[in-house]
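The block underneath contains the structure these notes are about, expressed in structure tokens.
All chains are named by letter (A, B, ...) in the order of the sequence lines, taking the proteins before the strands, and each is independently numbered beginning at 1.
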Amino acid sequence: MANPEDLFKQIIAHAKEYGYVFPSSEIYDGLSAVYDYAQYGVELKNNIKQYWWKAMVQMHDHIVGIDSAIFMHPTVWKASGHVDAFNDPMIDNKDSKKRYRADILIEEYIAKLEDRINKEVTKAKKRFDPFDEKMFRETNPNVLRNQQKIDEVTTRLAELMNSSDMVGLKQLIEELEIVCPVSGSRNWTDVRQFNLMFATQMGSVSEGADTVYLRPETAQGIFVNFLNVYKTGRMKVPFGIAQIGKAFRNEIVARQFIFRMREFEQMEMQFFVRPGEELTWFEYWKNERMKWHQDLGIPAEKFRFHDHDKLAHYANAATDIEFEFPFGFKELEGIHSRTDFDLAQHEKFSGKKLRYFDPETNESYVPYVVETSIGLDRMFLAVLSYAYQEETLPDGSQRVVLSLPPILAPIKVAILPLVKKDGLPEKAREIQDLLKPYMMCQYDEKDAIGRRYRRQDAIGTPYCITVDNQTLEDQTVTIRERDSMEQIRVPIDRLLQTIKF
RNA sequence: GCGAAAGUAGCUCAGUCGGUAGAGCAUUAGCUUCCCAAGCUAAGGGUCGCGGGUUCGAGUCCCGUUUUUCGCUCCA
């Protein structure tokens with residue numbers, strides 16, 4: 001078997017060759033880390049969405065869906081913390097090629113000065129007895145000098161960060177003669193700000209036009225609609241709001257095919273619960289979501305939980321469902337207990353009460369939120385890379401087969417006349433017309449039957465219906481199953497009951 | 001963003017010393033074929049990633065650039 005790196009390349013090549021994923025704007029040399037879903041890719045993607053939507057919305061009485069706009073009021077992103085959190089000033093050392101956050105380099109410098117003071121104090125402790133530490137700190141010239149420096153640098157850093165003064169940060173780093181911890185050199189690039197949100201202008205006149213952002217996550221569209229959905233949907237806590245939609249992040253490095261793209265699609269559900277019950281629901285959704293993945297028939301050992309040790313400022317529990325991609329276990333879905341952070345922030349910034357009146361407890365409160373958030377493109381890649389198989393058959397011949405879960409397969413059934421004569425094509429077309437309203441069908445009469453089977457294997461079609469001479473006599477056809485390559489003969493009028501996906 | 005490698009037909013690749021591009025598969029049309037690709041015939045498809053330079057002449061040498069993969073970095 002090929003090594004993982006080659007396997008991944010083959011999957012990417014297969015995705016392009018068989019019409020699943022194309023590089024964007026390919027005739028213009030492509031656009032970095034942007035991809036288009038092709039004729040089969042879009043079917044697979046839509047099927048994943050449907051499978052998710054059905055599991056989350058249709059199968060849960062207390063979950064409803066929405067589809068909020070990509071553009072949102074700019075204040076949404078101040079409330080959510082994205083405007084601040086996505087504005088890290090970065091600086092590169094030209095010798096070591098290492099990248100650092102400029103503010104952290106300066107903070108580390110401050111920490112060194114503090115170390116120096118502490119050493120001074122420790123030394124003095126040994127020398128004097130009795131030792132008045134407060135007095136020592138207030139009078140020792142070395143300590144005073146360092147403390148003064150700390151205060152000065154801290155103040156300047158705060159000012160520079162507040163005014164987003166990138167030139168000033170660079171100056172400060174040069175002034176303090178901060179060296180790269182790796183190369184030891186002071187050969188720095190300019191400080192640059194990487195805003196992970198894409199910005200654009202709204203309004204026809206640029207004068208006074210507001211900057212709007214392409215949303216970096218879909219969740220906020222749910223939070224700002226919390227009140228509307230709760231009121232108009234007559235929802236009772238606990239309840240959830242689900243959404244599928246595009247999000248955009250201007251990643252510094254976007255790579256690994258469709259795993260990390262600047263434009264991507266999320267399937268999210270925010271579940272609103274009574275405060276204090278969030279961790280119970282967190283466990284519930286962990287299990288539900290893992291079950292959803294495994295219900296597709298993908299083996300359990302391809303998945304694992306990865307609990308976060310370091311929690312984001314808004315979360316009190318968080319875990320990832322990781323999938324074993326060809327390049328290793330990576331995050332596929334996140335389940336976060338987000339507390340009341342988001343709704344509380346939106347209360348603060350909007351001035352509107354985002355509260356739920358609980359008739360059982362006679363209380364009004366800001367609900368806590370448990371989020372499940374899965375990357376649609378990652379799910380696509382997970383399914384595709386799991387399904388891709390190179391097989392050597394008993395007769396020694398090779399085939400490439402996409403063992404997609406039938407429910408997700410782009411084409412459910414191919415209808416093939418065994419030969420292109422004797423009225424078989426006409427009969428096959430009849431069958432196609434019969435099945436077309438119920439599933440994606442494909443008709444193929446070109447080349448030998450074996451080759452047509454292989455073609456369908458390569459795009460992952462689970463069933464091939466073959467029309468032969470016997471069909472004309474007794475109205476039966478054969479159904480050939482993709483993975484086992486086994487055939488059964490069934491009457492045409494029982495096809496719809498027999499083909500299950 | 002830095003470093004490394006690569007980019008020739010839809011795919012996999014060849015292309016000698018610098019002399020105006022080739023194979024197999026795939027595609028399309030036809031023939032043959034009653035069940036697991038690679039029988040027959042024919043056709044279509046390439047400004048050799050893009051731009052510049054050297055040269056009488058560049059797929060080939062030089063410079064820049066772009067895309068992809070890998071490593072570093074980043075990932076609320």
Side-chain angles (χ1 to χ4, degrees), chain A residues 4-6 8-10 12-14 16-19 22-35 38 77 80-88 90-101 182 189-190 192 194-197 216-217 219 249-257 259-260 262 308 310-315 318 326-327 330-331 334 336 338 341 391 393-395 397-401 416-422 424 445-458 464-472 477-482 484-487 489:
Chain A
E5 195 178 301
D6 286 344
F8 187 42
K9 279 184 184 164
Q10 273 154 19
I12 295 169
H14 191 85
K16 190 199 164 189
E17 190 171 353
Y18 287 92
F22 299 145
S24 159
S25 320
E26 202 184 5
I27 60 168
Y28 290 104
D29 240 356
L31 184 62
S32 182
V34 185
Y35 293 90
W77 307 112
S80 69
H82 286 84
V83 171
D84 297 329
F86 272 145
N87 271 308
D88 296 335
M90 307 299 291
I91 189 165
D92 292 5
N93 183 272
K94 289 179 189 165
D95 297 316
S96 66
K97 313 290 183 204
K98 296 285 174 191
R99 167 168 298 166
Y100 304 93
R101 271 177 58 180
V182 175
T189 63
D190 288 339
R192 283 162 300 177
F194 292 95
N195 190 337
L196 269 78
M197 286 195 291
E217 63 173 28
R249 290 179 203 180
N250 197 5
E251 303 275 1
I252 302 163
V253 175
R255 256 192 287 185
Q256 282 172 312
F257 194 42
F259 183 80
R260 178 168 293 127
R262 297 198 171 92
H308 292 205
K310 248 186 359 186
L311 292 171
H313 56 284
Y314 54 72
F327 41 86
K330 297 276 179 189
E331 179 186 353
H336 298 162
R338 294 179 74 124
F341 175 82
E391 281 183 3
L393 300 176
D395 67 357
S397 66
Q398 299 257 326
R399 72 165 182 165
V400 172
V401 54
L416 316 170
L418 194 56
V419 292
K420 201 174 12 174
K421 60 179 186 189
D422 302 337
L424 297 187
E445 60 176 29
K446 175 76 183 163
D447 296 317
I449 188 68
R451 186 184 297 191
R452 281 179 275 163
Y453 287 147
R454 298 298 169 84
R455 268 207 288 267
Q456 295 301 328
D457 291 342
C464 290
I465 293 175
T466 307
V467 175
D468 54 20
N469 277 332
Q470 194 183 332
T471 308
L472 301 179
V477 291
T478 61
I479 301 178
R480 177 251 194 199
E481 198 274 328
R482 176 194 61 202
S484 64
M485 301 181 16
E486 277 166 11
Q487 287 179 288
R489 185 167 279 276

query: Taking the side chain from A:D422 and the backbone from A:L424, do they hold a donor-acceptor pair closer than 3.5 Å?
result: no
task: Name the nucleic acid region contacted by A:T478, choosing base, sugar-phosphate or nothing; use a 4.0 angstrom heavy-atom cut-off, strictly under.
output: base
- line: Out of B:C36, B:U69, B:U33, minimum distance to the side chain of A:L393 belongs to B:C36
message: Applying the Watson-Crick and G-U wobble criteria at under 3.5 Å, what pairs with B:G3? Answer none if nothing qualifies.
response: B:C70
- prompt: Expressed in angstrom and rounded to an integer, what is the separation of A:L416 atom CG from B:U33 atom P?
  reply: 19 Å
Side-chain donor/acceptor contact of A:R480 with base of B:C36 under 3.5 Å: yes
message: Expressed as a whole number of angstroms, how long is the span from A:M197:CE to B:C75:C1'?
response: 15 Å
- line: Heavy-atom nearest nucleotide on RNA chain B taken for A:F257 and for A:G450; more 5' hit belongs to A:G450
Between protein and nucleotides 4-14 of chain B, what N or O pairs are separated by less than 3.5 Å?
from, atom 1, to, atom 2, distance (Å)
B:C11, OP1, A:K16, NZ, 2.9

field: Interatomic distance, A:E445 CD vs B:U33 P [rounded to whole Å]
entry: 16 Å
message: Taking the minimum atom-to-atom distance to the side chain of A:Q398, which one of B:U27, B:U69, B:A37 wins?
response: B:A37
message: Working to the nearest 0.5 angstrom, can you tell me the gap between A:T471 OG1 and A:L418 CG?
response: 8.5 Å
- request: Answer with base, sugar-phosphate or nothing: what part of the nucleic acid does A:F259 contact at a heavy-atom distance below 4.0 Å?
  value: nothing
message: Between A:L416 and A:R480, is there a side-chain heavy-atom distance shorter than 4.5 Å?
response: no
query: Does the side chain of A:R452 reach to within under 4.5 Å of the side chain of A:K446, using non-hydrogen atoms?
result: no
query: Is there a Watson-Crick or G-U wobble partner for B:G30 with both distances under 3.5 Å, and if so, which one is it?
result: B:C40
task: Between B:A58 and B:U20, how far apart are the P atoms? Round to whole Å, please.
output: 11 Å
- request: Answer yes or no: side-chain N or O of A:R451 and base N or O of B:A37 forming a donor-acceptor pair under 3.5 Å.
  value: no
- prompt: Does a distance-only test, which skips hydrogens and angles, find a donor-acceptor pair under 3.5 Å between the side chain of A:D468 and the base of B:C35?
  reply: yes
message: Please confirm whether the shortest side-chain N or O distance from A:K9 to OP1 or OP2 of B:C70 is below 4.0 Å.
response: no
query: Atom NZ of A:K420 and atom C1' of B:U28: how far apart are they, to the nearest Å?
result: 11 Å
field: Identified pairing partner of B:G45, criterion: Watson-Crick or G-U wobble below 3.5 Å
entry: none
query: Any side-chain heavy atom of A:R262 within less than 4.5 Å of one from A:S32?
result: yes
query: Across all strands shown, which nucleotide pairs with B:G64 by Watson-Crick or G-U wobble geometry, both distances under 3.5 Å?
result: B:C50
message: What's A:K330 touching, base or sugar-phosphate or nothing? Going by heavy atoms closer than 4.0 Å.
response: nothing
- request: Check whether any side-chain heavy atom of A:E391 lies under 4.5 Å from a side-chain heavy atom of A:D457, and answer yes or no.
  value: no
- request: Could you tell me the separation between the CZ atom of A:R262 and the C1' atom of B:U67, rounded to a whole number of Å?
  value: 13 Å
query: Who does B:U16 pair with, Watson-Crick or G-U, both distances under 3.5 Å?
result: none
statement: Picking from B:C35, B:U69, B:U28, the nucleotide nearest the side-chain atoms of A:Y453 would be B:C35
message: Please report the interatomic distance NZ(A:K421) to CD(A:E445), rounded to the nearest 0.5 Å.
response: 13.0 Å
- request: Under a 3.5 Å limit for both distances, which nucleotide forms a Watson-Crick or G-U wobble pair with B:A9, could you say?
  value: none
- prompt: Quick one: CZ on A:R260 to CZ on A:R249, what's the gap to the nearest 0.5 Å?
  reply: 9.5 Å
query: If the C1' atom of B:C48 is compared with that of B:G7, how far apart are they to the nearest Å?
result: 10 Å
- request: Can you tell me the distance, in whole Å, between the CZ atom of A:R454 and the C1' atom of B:A37?
  value: 5 Å
From CZ (A:R489) to OG1 (A:T466), nearest 0.5 Å: 9.0 Å
- request: Please determine, for B:A58, whether a Watson-Crick or G-U wobble partner exists with both distances under 3.5 Å, and give it or none.
  value: none
message: Using atom P in both nucleotides, what's the gap between B:G19 and B:A26 to the nearest angstrom?
response: 32 Å
- request: Between B:A43 and B:G57, how far apart are the C1' atoms? Round to whole Å, please.
  value: 33 Å
B:G10 to B:G53 separation - P atoms, rounded to the nearest Å: 28 Å
field: B:U32 versus B:A5 - spacing of their C1' atoms, nearest Å
entry: 47 Å
task: Please work out if A:L418 contacts a base, only the sugar-phosphate, or nothing of the nucleic acid, heavy-atom cut-off 4.0 Å.
output: base
message: Please pick, from B:C70, B:C35, B:A29, the nucleotide with the shortest atom-to-atom distance to any side-chain atom of A:R489.
response: B:C35
task: For A:M485 and B:C36, give me the distance from atom CE to atom P, rounded to whole Å.
output: 9 Å
- request: Indicate, with a heavy-atom threshold strictly under 4.0 Å, whether A:A33 touches base, sugar-phosphate, or nothing.
  value: sugar-phosphate
message: Any non-hydrogen side-chain atom of A:K9 less than 4.5 Å from a side-chain atom of A:F257?
response: no
field: Straight-line distance of A:M485 CE to A:Y453 OH, nearest 0.5 Å
entry: 9.5 Å
query: When the P atoms of B:G64 and B:C25 are considered, how many whole Å apart are they?
result: 41 Å
query: Over how many whole Å does the gap from A:F327 atom CZ to B:U69 atom P extend?
result: 10 Å
- line: Closest to the side chain of A:S32, out of B:U68, B:A37, B:G30, is B:U68
Side chain of A:R260 (C-beta onward), nearest among B:U68, B:C70, B:C74: B:C74
P gap between B:G49 and B:A6, integer Å: 13 Å
